[in-house]
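Right, one structure below, let's go through it.
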Amino acid sequence: MIDHSQMKHPNMHHNPSMGAADHDHHKMMIADFKKRFYVVLAFTVPIMLLSSMIQQFMGLHWQFAGSQYILFALSTIVFFYGGWPFLKGFADEVKTKNPGMMFLIGFAITVAYIYSVAIVFGLQGMDFFWELTTLILIMLLGHWIEMKSVAGASKELELLVQLMPSDAHMVMAGMVHDVKTDTLQVNDIILVKPGEKVAADGIISEGESYLNESMLTGESSPVKKIKGAKVIAGSINGNGSFKVIVSHTSKDSYLSQVIKLVNDAQRSKSKTQLLADKAAKWLTLIAIVTGVATFLYWYLTGQTLAFAMERMVTVIVICCPHALGLAVPLVVAKSTALSAKHGLLIRNRTVFENARKITTIVFDKTGTLTVGKFEVSKIVPLQKNVSENEIIRLASGLEQKSEHPIATGILQKTKDLSITIPSAENFNAITGKGVEATVEGKKILLVSPGYLKENNITVPGDFSANDTETVVFMIINNELAGWVALSDEIRPESKEAIQTLKQNNIKSILLTGDNYKVAKSVSGALSMDSFIAEVLPHQKLEKIKDLQSKGEFVAMTGDGVNDAPALAQADVGIAVGSGSDIAAETAGIVLVNSNPKDIVSLILFGKATYRKMIQNLIWATGYNVVALPLAAGVLYKQGILLSPAAGAVLMTFSTVIVAINASMLKVKSSSN
């Protein structure tokens, strides 16, 4: 098949995140085709007017001595100047013994030209000059249009490349210097001003702000970033300013990794692409064989040499497997770039295409389906003079400095109840057991059940936290004063995601190391098909194998780091929430966010992408099935005959349809 690297125009490398040099080269190619097209267009008018066939058609007679020599001269310029990209490609393909697209066009125009020249210099018959000129004109136009549409398919990635700001404000010895982004080193400190793009991946060392990361993660609402938070290069700052300690140089940044990943994914051939390559190879062979056979048939059954030649040229032109060669690569370019913008990073094309076959999804760990944030679900006082609000107020005094999820939950509750947080002194963390401090003169401890056990403190009354809750106890001046239960809440999107999977006949299974009761309550609340709880990491792989042995096509979501073996075992491995750790080697697909909806859009998008590829393949082959016999002159007796130029128009038309169809691919995602 058209090995794309053999082709004359570089867009065929289908490498949407072209570097600047490639990109400029591509622009030059488009400009070159455009210029050649207009020059040939200018020559076409006199050539048409000088052609005897056109004159007969218009009922004119403008022949004059030597007019055919002028026609010959003009056509020669068109052949060598306008046909140059095709002739060059023809020569390259002959050299590499890999006949394809250029071979066919080059062969067709050369035959037409040589034959017409022979007519001028004495051979009996009608010359082909006007057909040759219109053929080259339309071919140039077709390539120009097609290159523009290919450039369109790769725009999304160029936009990603442009997300990287070229300058950064580097802070040195209290002074701010503007430097080029690619000179930044790890541990440099940069300042990000309001409204600017973050110049490098890093950790905020000072200040806070809201960041818009939607270009990178598809997450539409701005994300609050405070000291210690990770930021990604290319995200857009809101109205705060902050300083960042650089954690990756620009070539190792998240964005460069994404761009590299998308490039690799577009180069990695999937089964569908190989299918298209095979078909195009065959089509090239069929074109040559049918072309020659057509010529012989007409010539041997008594038609003129000119007629037989014209049929052969038309067959070969119409058979150019251009549409077929682009059918899959264009969809690949579009889908990989689109998904990268929505936080779905495709590492492996085949895995992505297989997403359409998934019958069971295993959701690992509750963090994907639940928020991973604790919320206060119960406050139980155990002393008469202590109210619920008092417990939460004192607890907030202890937890105000802590980053722990439990602390966040307690502080959120205080905020909801509009309680003022008291100040605390002598704060001390009891490793793994809780915290203690003095608040308003009282010695207060907030501790885990483990601490009670160790100190033989029993809980009076009815201690009824349910299994999905985490409990902390409050001790005031050595007396147990009450307890607070917190639970991880289910993500609002989870229910809908599981629902959509059900509608698509995909089973959902929760696989978790959490205790049986937590797993049961989460899978019950989401009406999942089943759950497997208290699973140790090394057992996950076995569970996936079990499902596969029952004939299920299994997708597994997990975090790329500790679920590696299970992700590799699954038919489709989806690493979740490891946006910062793109190198989740074992997963075929990396999701930047942990949103379960993204998993659903991934599957639906995989299906849509596959559909587009198949539509394009059907169109590209179906068109040849119809057009080829017409070109060969099957309906000649009925008076239907395609001219070479009409053949070229049809060929271009089919290519453009394929390009337009590919560009209509969209990610259906409810989160956007």
Next on the checklist: Just so I know, are the side chains of F242 and N237 near enough to count as touching, which here means a heavy-atom distance under 4.5 Å?
Outcome noted: yes

Next on the checklist: I'd like to check N504 versus L604 (side-chain heavy atoms, cut-off strictly below 4.5 Å). Are they in contact?
Outcome noted: yes

Item to check | Pair Q400-T414, side-chain contact (heavy atoms from CB on, under 4.5 Å): steps then yes or no | outcome: CA-CA 10 Å; Q400 60 192 326; T414 320; over 6 Å; no

Next on the checklist: The criterion is side chain to side chain donor-acceptor pair (under 3.5 Å); which residues satisfy it with D416, sequence neighbours excluded?
Outcome noted: Q412

Checklist entry - Checking side-chain contact (heavy atoms from CB on, under 4.5 Å) for the pair H342/F605: CA distance, chi angles, key distance, verdict? => result CA-CA 11 Å; H342 284 82; F605 186 52; over 6 Å; no

Next on the checklist: Less than 4.5 Å apart, side chain to side chain, heavy atoms only: is that true for V186 and T249?
Outcome noted: yes

Checklist entry - Is the shortest heavy-atom distance from the side chain of T183 to the side chain of D188 under 4.5 Å? => result no

Checklist entry - Would you call P381 and E390 a side-chain contact if the rule is heavy atoms closer than 4.5 Å? => result no

Checklist entry - Are E436 and N428 linked by a side-chain donor-acceptor pair shorter than 3.5 Å? => result yes

Item to check | Closest non-hydrogen atom pair, L501 against I603 | outcome: CD2-CD1, 4.1 Å

Checklist entry - Can I421 and L411 be said to form a side-chain contact (heavy atoms from CB on, under 4.5 Å), step by step? => result CA-CA 9 Å; I421 301 178; L411 293 170; 3.9 Å; yes

Checklist entry - Got F473 and L382 here, is their nearest side-chain heavy-atom distance under 4.5 Å? => result no

Next on the checklist: Regarding R349 and S335, do their side chains bring together a donor and an acceptor under 3.5 Å, going by distance alone?
Outcome noted: yes

Checklist entry - Does atom CG of N477 have more than 12 heavy-atom neighbours, drawn from other residues, nucleotides or ligands, at distances under 6.0 Å? => result yes

Next on the checklist: To the closest 0.5 Å, what do you measure between CG (L369) and CD1 (I498)?
Outcome noted: 5.5 Å

Checklist entry - Side-chain contact, heavy-atom cut-off 4.5 Å: K543 with L511? => result yes

Item to check | Value rounded to 0.5 Å, distance of CG in L486 from CD1 in I379 | outcome: 9.0 Å

Next on the checklist: As a quick check of understanding, evaluate side-chain contact (heavy atoms from CB on, under 4.5 Å) for V171 and H169, giving each step before the final call.
Outcome noted: CA-CA 7 Å; V171 183; H169 313 301; over 6 Å; no

Next on the checklist: If you define the side chain from C-beta out and look only at heavy atoms, does anything of V231 sit under 4.5 Å from V192?
Outcome noted: no

Next on the checklist: Check R393 with E440, please: is the shortest side-chain N to carboxylate O separation under 4.0 Å?
Outcome noted: yes

Checklist entry - CG of D167 to CD1 of I190: how many Å apart, nearest 0.5 Å? => result 11.5 Å

Item to check | side chain to side chain donor-acceptor pair (under 3.5 Å) between T359 and E552, intermediate numbers included | outcome: CA-CA 6 Å; T359 56; E552 298 288 342; 2.7 Å; yes

